[in-house]
Structure formats: C-alpha cells, structure tokens
Student: 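Okay, here's the structure, questions in a sec.
In each ligand, atom 1 is the first atom listed, and ligand 1 is the first ligand listed.
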Amino acid sequence: MDVATVLVLNGPNLNLLGEREPAIYGHDTLADLEEVCRAAAAAHGLVADCRQSNHEGTLIDWVQEGRHVIAGIVLNAGGYTHTSVALRDAVSACTVPVVEVHLSDIHAREPFRHHSYLADVVTHQVIGRGVPGYAAAIDWLAARRA
Ligand code: CA2
C-alpha cells in the first residue's frame, strides 16, 4: 500500500450481496461492487485494495494497516457500525481520511441501525446511495487529495 492506495473495507455479511434482500441492497454482488471501486479509483490514478471480512478483529487490523500514508479508507462496517467501540477506536487512530459508506439509508430503517459508532470519528459519510455510493466515496477522497 502507498499514497495511491484506497483501502475499501467491507464488513460482515457483505459477501452475501446479490444473494438476498435485493430490495434493500440491490442486485450487485460483492465482486461487482469491488469492480466499481477499482474503476472509480483508476479514473483518478488510484488503486483500490478491496477486502471483506466477517470478523471484527480482522477489520481492525486492516484499518490499522492503512491508518497512515495511503489516500484513504472507504469503510462499510456492516453490522459492526452499530456495535463496535473497538472499530471506532481504530478509525480514531487514522491520520488518513476515512469515509463511512452504507448501501442502504440506515436512518430510514430499524431504530437499532440509526446510531453509528463511526459517525463522529469518520471524515465523511455516503449513506443510502447503493453501490454508486462507493464510487462517490472514492471521488470524494480523490478530490480531497487534489
Ligand atoms: O446498508 C449498509 O450498507 C449496511 O452497512 C449493511 C449491513 C447492515 O447491518 C447495516 O445496518 C447497513 C448488513 C449487510 C448485510 O448484507 C446482506 C446482503 C445480502 C443478504 C443478506 C445480508
């Protein structure tokens, strides 16, 4: 990873994208989403390093790995958004910009999804814009660099 890297991290259950709940998450698979990220990054001369894990500690390790030097982190923490102080603490330790992304509008869903432990420690949020929201997050990171 270097200054041209955008680390795109997807959390628990996002490997199931396209399999169920298309009304909420759309029809695209995780592979489709990652291709959109790679194309968006390439348009700015950046490289998207896309990773997914169902494990909180793995996501924390990856956030720590990217916390300095790279262009930024795009983070959809999935359900950990609403539960994880530990992931929040890892994001707080980042000197690079971190964009919180959600496919769905978490504020229009069940009350337990309304609170994000990440919201006040991230640099920017893109919420409820589906897969194109990831491209918007990468565009935002690229514009911030310029
Ligand atoms: O809207 C988002 O991007 C979420 O971060 C997605 C998480 C959810 O817990 C957050 O509240 C909002 C869950 C992703 C689960 O994705 C699935 C996809 C297909 C089938 C089942 C789950």
Student: Tell me whether the rings of F112 and H82 are parallel (<30°), tilted (30 to 60°) or perpendicular (>60°).
Tutor: perpendicular
Student: Output the distance between atom CD (E65) and atom CG (D49), rounded to the nearest 0.5 Å.
Tutor: 7.5 Å
Student: Spell out, yes or no, whether V122 and I138 are grouped together once hydrophobic residues are joined by side-chain heavy atoms under 4.5 Å, including indirect joins.
Tutor: no
Student: Which part of I106 is near ligand 1, with near meaning a heavy atom under 4.0 Å away: side chain, backbone, both or neither?
Tutor: side chain
Student: Do other residues, nucleotides or ligands put more than 12 heavy atoms under 6.0 Å from H27 NE2?
Tutor: no
Student: Any idea which part of H102 is under 4.0 Å from ligand 1, heavy-atom wise: side chain, backbone, both or neither?
Tutor: both
Student: Could you identify the single nearest non-hydrogen protein atom to atom 11 (O) of ligand 1 and state the distance to 0.1 Å?
Tutor: H82 NE2, 2.7 Å
Student: So which protein heavy atom does atom 13 (C) of ligand 1 come closest to, and at what separation?
Tutor: Y25 OH, 3.4 Å
Student: State if E19 counts as touching ligand 1 under the rule of any non-hydrogen atom under 4.0 Å.
Tutor: no
Student: Which value, rounded to the nearest 0.5 Å, describes the distance between C37 atom SG and L46 atom CG?
Tutor: 12.0 Å
Student: Under 4.0 Å from a heavy atom of G79: give me the atoms of ligand 1 that qualify, with their elements.
Tutor: 9 (O)
Student: At what distance is the nearest protein heavy atom to atom 8 (C) of ligand 1, and which residue and atom is it?
Tutor: R113 NH1, 3.3 Å
Student: Whether the E100 and S116 side chains hold a donor-acceptor pair (N or O, under 3.5 Å, no angle test) is what I'd like checked.
Tutor: yes
Student: Donor-acceptor check, side chain of T95 to backbone of R67, threshold 3.5 angstrom: yes or no?
Tutor: yes
Student: Between E21 and ligand 1, find which residue part has any heavy-atom pair under 4.0 Å and reply side chain, backbone, both or neither.
Tutor: side chain
Student: Write out the residue and atom name of the closest protein heavy atom to atom 1 (O) of ligand 1, then the distance separating them to 0.1 Å.
Tutor: S104 OG, 2.5 Å
Student: For N76, is at least one N or O under 3.5 Å away from an N or O on ligand 1?
Tutor: yes
Student: Which option out of N10, L103, N13 puts a heavy atom nearest to atom 2 (C) of ligand 1?
Tutor: L103
Student: Restricting to non-hydrogen atoms, name the atom on R113 and the atom on I106 that form the minimum distance, rounded to 0.1 Å.
Tutor: O-CB, 3.4 Å
